[in-house]
Amino acid sequence: MKKKRFFYRLAGITAAVLIAAMTLCLVLTPEKAYSGREKRMLNGFPVLTWESLKNGRFMDQIEDYAKDQFALRDLAADVRNGLKLLTGDRESNGVFYLKSGRLAERFTMPSDASIRTQMTEIRSFSAKNETARQYFLLVPTAAALYPEEIPDFADPDSQHVYIDRILRELPEAVGAVDVRRAFTAEKGKSELYYRTDHHWTTEGAKIAAEELLKAMGLEMADPGTGGVVSASFMGSLAAKSGFRTVTPDAVTIYPIAPNPEEGYYFTVTYADEQETAGTVYDAAALRGDDPYEVFFGGNHAEIEIRTSLETGRRLLLIKDSYANALIPFLIGSFDEISVVDPRYYRGNLDELTAEKGFTDIVFLYNANTLSEDTSLPMVLRNEQ
Amino acid sequence: MVFSSLTFLLLFLPVSLGIYYLVPMKAKNAVLVAVSLIFYAWGEPIYVLLMIYSILMNYGMGRLMEKENALKKPILVFTVFLNLLMLGFFKYSGFLVTNVNRLLPENLRLTVREIKLPIGISFYTFQALSYIIDLYRGKFKAQRNLIRFAAYITMFPQLIAGPIVRYEEVERQLTERTITLERFGRGMLRFICGLGKKVLLANTAGVVFDTARGLTDASAVGAWLGTAGYAFQIYFDFSGYSDMAIGLGQMLGFDFAENFDYPYISASVTEFWRRWHISLGTWFKEYVYIPLGGNRVSTARHVLNLMIVWLLTGIWHGAGWTFLLWGLYYGILLILDKYLFSRLKIPRALGIAGTMLLVLFGWVLFSSDGLSDALRTYGQMIGIGVPFVTDGAVYTLLRSCVLLVIEILACLPLMKKVYRKITKARAGQIVMTVAVAAVLLLSIVFLVTENYNPFLYFRF
């Protein structure tokens, strides 16, 4: 028993010192307001009110405060995720850490009912606009390009099954644009997807734009030479999963500047914000957390691009955020492009199509967003 | 407040212990009551008043009983009734009304507002009952010091989730107890052991359970995996909490009895209930089973006594039919054990396997949302309507196999033997201290990054 006394005392003192140190760390270090890594505001010490004390919210907020202001919070997350990978678990919060050192989001097959709803609305919308050429570009995500790296038994092929099905069920009038073969051919040669984010790279967008324009019988106008505008992009998947040991991404853009020599220029109008710009790029976004927002400053309900070209073609693009990197490559081929994001759009599509007389309509979605989307059917039938 | 939270570990505990150790012996009980009330009020800002009422009521009734010896029995009955009324109202009224409504025609149905269950009410009510009943039995004198009595009911280590400490176990310690660095260290070791069980083993097992149960491609393997996950979760959650309670008690100078003794190595259901939630089993034996006559009666009456005790044990765990059935399930198994299985010579290995299966089947009832949910899981477990295995089940198994192996090992007394062996030598003691520090730090890492930290026994 005497021998054990030393042990108990040692253990007691060690634990007490550790706890005291962590407490002081928590209380004495200055409060951090924002976590760049998690891309959210951090909880500060809560305000004490009689009401929040009575209903217990103050107490919950204290715990949130302690968690968020814990000085070594980022280190803690790294330790936890490192441990996870060590035990052979390569998935966190729906994101896989692939062996090639990239992150890919898990794909979940949606219900038959939701697919049917979408198809029904696409069909009736297509019938209403049969004077226009119609196309559907359904983009695979990284998980579909690297199915051999998705952990066994984690349903690696489901996205391909889904894309096959959607493209097959589209009405006759809507041309299916399948970029999978072009992507697979390019796979080893350049990065088509960001390692840390759920979007495609500008290279991936360019290849898809070429395929799309080919299907539409058009040629891409020379976009110029690409240049890197951000080399330290840690994207959405790194934030969502907490896997931070992935090499940061580089974001590239192409000039697509209005070209006085070639004689064409364009304007970009943001309907909701009532602003007009002469470029598609938002330089301010490069200084923020999400450099991907350099494309149009992020998502908008409705964007109108007018060029001085006279191709006779006017495009309606119904899209999710994947399209943002692709749109610049289309500008040199159309007189007008109206870009609608059904998640934010509150206007009336029928009125818009009647007003503009579009010659081409393109749906542009990636498999993940389309499988989870509920806004598209509503907007297609003009319900907000 | 929950032990496994940063608020408790880094804010409440250092400050409370600091004050507690600094004040002289005479003031320690008062400090204990004060911090415990804050601890309780932290989680129940309104219902703390209910607990204070219970303390005053039982204290008063205890003193009255001692004073008016002739009225001992009616006072006992009245106090027990008041305690059970309070527990019944807050815990079971919703259940009763819902079921009575099923029998009544539409226009006569009663409406009941959703009553939130005050945390720990099952525990502190049972402790108060142990006091008043044992006082009646003459086991001790009434506690005249209100602070000491309040300390017994409120002390924060066992307030929220047990062990159910009977008054006679701590009576002396309320008045005198020793606090040494050695006891503090022992308590810390026990506490950290419990913290690790809760944060590193229970919460993670809970994720396995949720994932397996949530699989869209259900399978037999998936159903078993989910049940195993739940079995681990509830064991590490509850025994971890008991470890923390016992450890904290030691730090305060109290010795609580053990509440768990490696239940999953039991070779019979009878043995299981001598190793699982020991303080509850003891309570029901002392205050229900023995007063009913225990086993010193005819066989028929013995069976009835067992059934009553087990139905009550079941319903104590929750106001729902699945809990009642769970109690009934064990009641029947214990009767069979007593009169049938124990008479057969079953080899120990077979007994352990059989008991484990029975316990797992029991947990399905416990973890289900209702009877139909339980039946569906049972069906899946024996392969009705689902394939034997699916990709989802295999994937979940692969992701969690390291964790599951660790958890199986942690269920065995082997770990305690290894611990004892290592800490015999000075070098081993230093290694163990480092290991314990690592568990503490890792637990904090998990808590800081945790979005999922439920406590299963909170509905009691």
Side-chain angles (χ1 to χ4, degrees), chain A residues 1 3-20 22-27 52-60 62-70 72-73 75-81 83-84 86-91 93 108-109 151-156 242, chain B residues 1-2 5-7 9-11 13-15 17 41-46 180-189 191-192 216-217 251 390-403 406 423-426 428-430 432-434 436-437 440-442 444-450:
Chain A
M1 256 346 229
K3 274 187 167 181
K4 283 277 178 113
R5 195 183 295 173
F6 166 78
F7 174 49
Y8 296 141
R9 287 179 176 176
L10 178 65
I13 294 174
T14 309
V17 165
L18 283 173
I19 292 179
M22 285 190 283
T23 305
L24 289 174
C25 219
L26 174 66
V27 172
S52 71
L53 207 57
K54 235 180 25 166
N55 63 21
R57 265 200 58 71
F58 176 73
M59 291 68 146
D60 294 334
I62 294 264
E63 182 69 14
D64 291 334
Y65 152 77
K67 275 194 197 154
D68 277 358
Q69 296 300 331
F70 188 74
L72 300 169
R73 188 182 166 72
L75 177 64
D78 282 340
V79 168
R80 183 152 190 185
N81 282 309
L83 207 63
K84 185 188 255 280
L86 215 70
T87 60
D89 182 5
R90 303 192 72 87
E91 184 182 344
N93 214 9
T108 312
M109 186 68 88
D152 297 334
F153 304 105
D155 216 0
Chain B
M1 206 186 293
V2 193
S5 68
L6 291 175
T7 311
L9 291 170
L10 302 184
L11 298 173
L13 189 64
V15 173
L17 280 184
W42 196 268
E44 289 288 2
I46 309 285
T180 62
L181 178 58
E182 187 183 329
R183 282 195 97 185
F184 171 77
R186 271 189 101 166
M188 246 318 166
L189 283 166
F191 177 77
I192 293 173
T216 42
D217 51 344
M251 287 192 248
T390 57
D391 279 359
V394 176
Y395 182 58
T396 310
L397 188 59
L398 287 175
R399 282 177 83 183
S400 41
C401 57
V402 173
L403 175 69
I406 294 175
T423 52
K424 274 210 172 89
R426 186 55 54 93
Q429 290 173 352
I430 296 181
M432 191 56 73
T433 306
V434 173
V436 167
L440 173 62
L441 292 174
L442 198 59
I444 302 234
V445 161
F446 271 60
L447 283 174
V448 169
T449 55
E450 188 68 89

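For the numbers below, each heavy atom of this structure counts, side chains included, while hydrogens, waters and symmetry mates do not. Below, read A as the first sequence line, B as the second, and so on, with proteins coming before strands; counting in each chain starts at 1.
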Heavy atoms, side chains only, cut-off 4.5 Å: are [X] and [Y] in contact?
{"X": "A/Thr23", "Y": "B/Val15", "answer": "no"}
{"X": "B/Val448", "Y": "A/Met22", "answer": "no"}
{"X": "B/Leu189", "Y": "A/Phe7", "answer": "yes"}
{"X": "B/Thr449", "Y": "A/Asn81", "answer": "no"}

With a 4.5 Å cut-off on heavy-atom pairs, point out which of [options] contacts chain A the most.
{"options": "B/Val402, B/Leu6, B/Thr396, B/Leu13", "result": "B/Leu6"}
{"options": "B/Lys424, B/Met432, B/Arg399, B/Met188", "result": "B/Arg399"}
{"options": "B/Val434, B/Leu9, B/Leu441, B/Thr423", "result": "B/Thr423"}

* Structure fact -> Okay, B/Leu442 and chain A: the region with an atom under 4.5 Å from a heavy atom over there is side chain
* Give, as side chain, backbone, both or neither, the part of B/Ala41 having an atom under 4.5 angstrom from any heavy atom of chain A. => backbone
Looking at [options], which one has more heavy-atom pairs under 4.5 Å with chain B than the rest?
{"options": "A/Lys54, A/Arg73, A/Arg90, A/Glu91", "result": "A/Glu91"}
{"options": "A/Pro151, A/Ala16, A/Gly242, A/Cys25", "result": "A/Pro151"}
{"options": "A/Thr14, A/Ile62, A/Leu72", "result": "A/Ile62"}

Drop me the distance from [X]'s [atom1] to [Y]'s [atom2], to the nearest 0.5 angstrom.
{"X": "A/Met59", "Y": "B/Glu44", "atom1": "CE", "atom2": "CD", "answer": "9.5 Å"}
{"X": "B/Glu182", "Y": "A/Tyr8", "atom1": "CD", "atom2": "OH", "answer": "7.0 Å"}
{"X": "B/Ile46", "Y": "A/Leu53", "atom1": "CD1", "atom2": "CG", "answer": "9.0 Å"}
{"X": "B/Ile192", "Y": "A/Ile19", "atom1": "CD1", "atom2": "CD1", "answer": "6.0 Å"}
{"X": "A/Phe6", "Y": "B/Thr433", "atom1": "CZ", "atom2": "OG1", "answer": "7.0 Å"}
{"X": "A/Met109", "Y": "B/Thr216", "atom1": "CE", "atom2": "OG1", "answer": "11.0 Å"}

* Asked: Given the rule in the side-chain contact (heavy atoms from CB on, under 4.5 Å) test, do B/Ile444 and A/Phe70 qualify, once you have shown the distances and angles that lead to the verdict?
  -> CA-CA 10 Å; B/Ile444 302 234; A/Phe70 188 74; 3.8 Å; yes
* Which is it for B/Met1 and A/Glu63 under the side-chain contact (heavy atoms from CB on, under 4.5 Å) test, yes or no, and what are the steps along the way? -> CA-CA 10 Å; B/Met1 206 186 293; A/Glu63 182 69 14; over 6 Å; no
* To do: In sequence, state the C-alpha distance, the side-chain angles, and the governing distance for A/Leu26 and B/Leu11, and then conclude on side-chain contact (heavy atoms from CB on, under 4.5 Å).
  => CA-CA 9 Å; A/Leu26 174 66; B/Leu11 298 173; 4.2 Å; yes
* To do: Evaluate the side-chain contact (heavy atoms from CB on, under 4.5 Å) criterion for residues A/Leu10 and B/Ile430: first the C-alpha distance (whole Å), next the side-chain angles of each, then the deciding distance (0.1 Å), finally the verdict.
  => CA-CA 8 Å; A/Leu10 178 65; B/Ile430 296 181; 4.2 Å; yes
* Non-hydrogen atoms of chain B under 4.5 Å away: do they reach the side chain of A/Ala15, the backbone, both or neither? -> both
* Structure fact -> When every non-hydrogen atom of A/Gly56 is compared with those of B/Pro45, the smallest separation belongs to N-CG, 4.0 Å
* **Nearest atoms (heavy-atom pairs only) where B/Tyr395 meets A/Phe153** => CB-O, 3.5 Å
